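Every value quoted in this text rests on a predicted model; they were computed, and no experiment measured them. To find a chain, count down the sequence lines: A is the first, B the second, and so on, and within it residues start at 1.
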There are 2 protein chains.
Amino acid sequence: MDDAPLSLAPDLASRFAAIVGPANALTDADLIRPYLTEPRDLYRGAARLVLRPKSTEEVAAILRLASETRTPVVPQGGNTGLVGGQSPRSPAEVLLSLSRLDRIREVDPVGRVLVAEAGVVLAKAQEAANAAGLLLPLSLGSEGSCQIGGNLSSNAGGTAVIAYGNARDLCLGLEAVLPSGEVIEGLRRLRKDNRGYDWKDLLIGAEGTLAVITAAVLKLFPKPAGREVAYVGLASPAQALRLLGRAQDRAGGQLTGFEFMARIAMEFTLKHTQGARDPLAAPHPWYVLVEISSQRSAEDARETMETLLGEAFEEGIVEDAAIAQSLGDAADFWRMREEMSWAQKPEGGSIKHDVGVPVARVPDFLREADAAVLNAVPGARIVAFGHLGDGNIHYNISQPVGADKAAFLDRWGEINELVHGIALSMNGTFSAEHGIGQLKRDELARVKQGPEIELMRALKATFDPFRILNPGKLV
Amino acid sequence: MDDAPLSLAPDLASRFAAIVGPANALTDADLIRPYLTEPRDLYRGAARLVLRPKSTEEVAAILRLASETRTPVVPQGGNTGLVGGQSPRSPAEVLLSLSRLDRIREVDPVGRVLVAEAGVVLAKAQEAANAAGLLLPLSLGSEGSCQIGGNLSSNAGGTAVIAYGNARDLCLGLEAVLPSGEVIEGLRRLRKDNRGYDWKDLLIGAEGTLAVITAAVLKLFPKPAGREVAYVGLASPAQALRLLGRAQDRAGGQLTGFEFMARIAMEFTLKHTQGARDPLAAPHPWYVLVEISSQRSAEDARETMETLLGEAFEEGIVEDAAIAQSLGDAADFWRMREEMSWAQKPEGGSIKHDVGVPVARVPDFLREADAAVLNAVPGARIVAFGHLGDGNIHYNISQPVGADKAAFLDRWGEINELVHGIALSMNGTFSAEHGIGQLKRDELARVKQGPEIELMRALKATFDPFRILNPGKLV
C-alpha cells in the first residue's frame, strides 16, 4: 500500500538534519528508542531518524523535502496513542516529533481562548488556562504527557466530553502544514465563521495522515465556582442509565462527569493501586462516579448533588452513595477511575475494546457481549468501565486466572470481532475515542460501506497524493 | 468557471421527469416562480425545471443522471438563504427541491436524537422534539419555512448558538448523496465515534456544492424547567460586553440568549411592527436581550437573572432593565429582536453585513466601522444588532433619509469592502452565519490566502469532478 523505500539514504538524512540542526536530528538508537515504543507495547517503531523541529517553518521545510523526495513522514506528539498511529512502520520513515513546538503563543482571557503550538503538553495548557482564571476542560489520563497536536489529531475524548465535548468541539482554529510543505493559516478565534469548507474538522481526527497540525486555538470556559463528586453503588447498568437520565434532567450542562465501572474494575484498582480505598462500605455490582459543577457556588453544586442522590435513593435507583467531603476525597474518587486501565496489567493479558453504542443500548450491549465473550473464553474476567454519558465503554477482557498470557492474547482479533460485531449490530462503533491508527485500519476498511471508504481514500489522495504522510495508518 | 450548457435539452428534461413522475417535475413558469425568487430579492433564479423527489433513492437517480449527462443541479431547501446559494444561475440548471423529503423518521427520547429528512421544516422538527418532552435548540427567524437540509448545508446559526452551538454542533450523523449518485450512509447517533475522516462536518456548511444532504440525526436536549427573559438598556457596546462576561460567569451554560441592538434598530422595529412596544420606559443608546434557562426550576432561573441584573446595576453596567412577567412578555421581547431585519425594509435601501469579530473586539469594530461608513455616506443610518455572545453582528446600513434608493444600493460593494476590511483587520469574518453562496464568492477567493482556497478547490474537485453540483457557488 505505502510506496516506502526500504531504507533512508544517508545523504537524504543529512538534508533533513540540516533543517533542524544536528542536535535535533536524532539517529542514536538510545535517543530514538523512547519515540519507538508505545503504551500498549503492541508496536515497535522502526524509524532511524527522529527530527525535532522548533517552528512551523521548519516543519514546512521538512515536509517540502519529504514531498520532493517521496520520503514517508510519521508525525508524533506525546506518543501516548493507543492504536499505533504514532509508530513508524519502516526504517525508511522519518519520525517528526512536534515536542519542541511547545510554546503557548497566547492566553486571551476576554476572548476566552488559548493559542498553543502542537507540542504543548496538555497539562501545561490546562495550567496556563487556570492561571488566567479559566478552564481548559479537555482531560485525559495521559494529560501529563500527551500533547495538543496529538489530542487534536486523534480527536481526544476523556472524562469531560459529556459537558464540554471532545477535542474537536474545543478547537476554533488551526495552523497546519500540508504534505507539500504549504502552511494553511487558520488560527481563527471566532465562535461563528461560515466561510467555505470546514477543513479544520477534517484535519482533527485525521491522525496525521492529511496534514501536520502545528498550532491551535482552543476554547476556554469559566471555572466552576463549585464542584461536587460522588461515588455511587448500584445494581445494574440499567440503573446507571436511569441515574444518568435523572442527572441530565437535574444538572443539564452542570453534569461534568459520569463514569461507570463494574465491580471487578474496582477490585483490580483497590488491589493494585497504592493508597486506593473503596469509597463505599459494602461492595456493589456497578458503580458510577458523578461530578456536578456549578457556576454559582459550592453550595449550589452541593444542593444539586444532594437533590439528585436523594431522589435516586427514594426511587430505588441507587444502593449507596458517598459524596466527597474534601478536595482530597474528590481527587481520590477520580483517581480510582483513572487508575483502572493500569490496574489491569498485573492481572495478566488484557484484550481491549473502545466501543461506543447509543447510550440507551449500553445495558443490551453489556449483556450480549458478556455472554459471547464468556462463551468463547470461559473464565475470562470482563473489566468494563467508561464514559456512560457518551455511550463509550472500555470493554476490556482480562485473561482467566492462571491462563497462558500469550495464548490468550493470540485471540485478540477473534475476541475483537465478537465484541465489535455486537456494537456494530447496535449502530455502534469499534473506536469511540482511540482512533484507527494501525490497529483498526483493516477493520475500518471492512466495515465502512463502499462509498464511505472510497470517499476517505479520495480525501487522502487529495491532501497527500504521494502518500508521504503517516502511511499505513487509518485509511 | 462552470461548464454549464446554455439550455436543457427537452429529451433530457423528460428523463429527469421520469424519475420523480410528471406531477413532481415542474416546468410551468407560475409553478416554478416561488423557487426562483429569494428573500432579499438580490437574485432571480433562471431554472426551467424543478424536480421534487420524494426519497433518497430518487435524489440518487437524479444525480446519477446529472453526472452522466453533465447537467448542473442546484439543491434547494426552504429557499430562505441570504447569499443566493439556493438560486439557479442559468436556464440549463435543474433545481432540486428537497421539500418532499419531509419525513421525521424517528424521535428517540432515550437516546435524545431526532432523525429528520432534509425537507423537514425546522419548526416541525422543533415541535416533534417538544412533543417528546425535549428541546431542539436550533432557532432562526425563518424557522417556519427553512428546512433541516438547508440549515445544515448553511451551518445555520441563530439565537441559541451561545448555549447550544450552531447547526454543525447539533448534528451527529448524515445521509447524503454524492454527485455520482452514490449514497453515503452515515446516520450515526453516537456522541463519540473516531472512525476516520470527518466528512460529515465537511458537508455541513458546504452549501450543497459537495453532496446533497438527504437526512440527518440531530441532538435533542432536556427542556429547561424555567426560562427568564430580560430587556436591558445600557450606555455602550463596552457595557454590553461587561454584562456578557458577568452573565457567562453567573449562568454558564444556562445563558441561552444574549442579543444586542442599537437604539435605532429598536426605533425601526417599534415604528414598523404592529403591536410592538418598548419594554423600557426611557430610551437607551444600546439594548441587550438576556435569556437565562434553568434545568431545575422557574424560581432558579428567576433567581439567577435577578442576581445578575442586581449586580450589574450596582456596578453601573446597566441603566435599566425589565424582566418579562409572563410568557406573553417574553414572546414580545423576543419578537422585538426577530422583527428587526424586516423593520428596516420600510426605511428604504439597506446594505447588509454579517460580520463576526472576536467577542472582545466588538466595541472597536463598531467604532471603526461607524466612522468609516459615515465618512463614506454622510447621513447613513447604522442599524447594528446581533448575537453579541458569538461576536456576530448584523451590521446593516439603511440609506440616508430621502436619498435615492437605487443609487445607495449601487454602493453595496464599496460599503461591504470598507466594513469587511475592518472586520478582517481584527481577525474577523465577513460571513459569520449566512455563508458564501453567490454573494460573497469572489470575496472569499480574494481574501482566503492561496493554500486555503486551493485546498477548497481541491476538495470541490474530489467530490464533484464534473462540477455539476451548485456551480458558481461558494468556491
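- Contacts with chain A were tallied for V161(B), D354(B), V355(B); V161(B) has the most, counting heavy-atom pairs under 4.5 Å.
- Scanning residues 176-184 of chain B against chain A with a 4.5 Å heavy-atom cutoff picks out E182(B), V183(B), I184(B), ordered by number.
- Looking at N427(B), the atoms closer than 4.5 Å to chain A (heavy atoms on both sides) all sit in the backbone: N, CA, C or O.
- For V447(A), the part lying under 4.5 angstrom from a heavy atom of chain B is the side chain only.
- Under the 4.5 Å side-chain criterion, counting only non-hydrogen atoms from C-beta, T209(A) is in contact with Y197(B).
- In this structure, L459(A) and F463(B) have side chains that are in contact, with non-hydrogen atoms separated by less than 4.5 Å.
- Residue E443(B): no heavy atom, backbone or side chain, is found under 4.5 Å from chain A.
- Options R250(A), K460(A), Q295(A) differ in how many heavy-atom pairs under 4.5 Å they form with chain B, and the most are formed by Q295(A).
- Looking at heavy atoms from C-beta onward, H387(A) lies in side-chain contact with K192(B) at the 4.5 angstrom threshold.
- Most heavy-atom pairs under 4.5 Å with chain B: of the set G165(A), G196(A), G186(A), P224(A), this distinction falls to G196(A).
- Ranked by heavy-atom pairs under 4.5 Å with chain A, the first of D169(B), T304(B), L187(B), V113(B) is T304(B).
- The shortest distance between side-chain heavy atoms of L190(A) and P358(B) falls below 4.5 Å.
- Taking CG from L455(B) and CG from L202(A), the interatomic distance works out to 8.0 Å, rounded to the nearest 0.5 Å.
- Here T429(B) contributes atom OG1 and R191(A) contributes atom CZ; the two are 15.0 Å apart, rounded to the nearest 0.5 Å.
- Residue contact with chain A, scored on non-hydrogen atoms closer than 4.5 Å, involves the side chain of R188(B) exclusively.
- With chain A as partner, the option from K223(B), E207(B), E433(B) having the largest number of non-hydrogen pairs under 4.5 angstrom is E433(B).
- Among L210(A), I204(A), V359(A), V110(A), the residue making the largest number of heavy-atom pairs under 4.5 Å with chain B is L210(A).
- The greatest number of non-hydrogen atom pairs below 4.5 Å with chain B, out of A432(A), P451(A), P222(A), is found for A432(A).
- At least one donor-acceptor pair under 3.5 Å links the side chain of N194(B) to the backbone N or O of N155(A).
- Ranked by heavy-atom pairs shorter than 4.5 Å toward chain B, the options R361(A), K200(A), R189(A), Q248(A) are led by Q248(A).
- Between D300(A) and R296(B) there is a side-chain heavy-atom pair separated by less than 4.5 Å.
- Checked for salt-bridge contact, D249(B) and R112(A) meet the test: a charged N lies under 4.0 Å from a carboxylate O.
- If you measure heavy-atom distances from S154(A) to chain B, the contacts under 4.5 Å come from the backbone alone.
- Atoms CG and CG, from D193(A) and N392(B) in turn, are 10.0 Å apart once rounded to the nearest 0.5 Å.
- In this structure, M456(B) CE and D198(A) CG are separated by 9.0 Å, a value rounded to the nearest 0.5 Å.
- For D108(B), no part sits under 4.5 Å from any heavy atom of chain A, backbone or side chain.
- With chain A as the partner, the residue from G428(B), S293(B), G356(B), G391(B) showing the most heavy-atom pairs under 4.5 Å is G428(B).
- K448(B) meets the side chain to side chain donor-acceptor pair (under 3.5 Å) test with E452(B); sequence neighbours excluded.
- Remark: Q254(A) CD to Q254(B) CD distance equals 5.0 Å, nearest 0.5 Å.
- With a threshold of 4.5 angstrom between heavy atoms, F430(B) approaches chain A through its backbone and through its side chain.
- Scanning both residues, G111(A) and A360(B), for their nearest heavy atoms gives N-CB, 4.4 Å.
- Residue A225(B) does not touch chain A at all, counting heavy-atom pairs closer than 4.5 Å.
- The choice from G435(A), G253(A), A251(A), G157(A) that makes the most heavy-atom pairs within less than 4.5 Å of chain B is G435(A).
- Both the backbone and the side chain of I436(B) come within contact range of chain A, each with at least one heavy atom under 4.5 Å from a heavy atom of that chain.
- For the pair D201(B)/R168(A), a side-chain contact is recorded, criterion being any heavy-atom separation below 4.5 Å from C-beta on.
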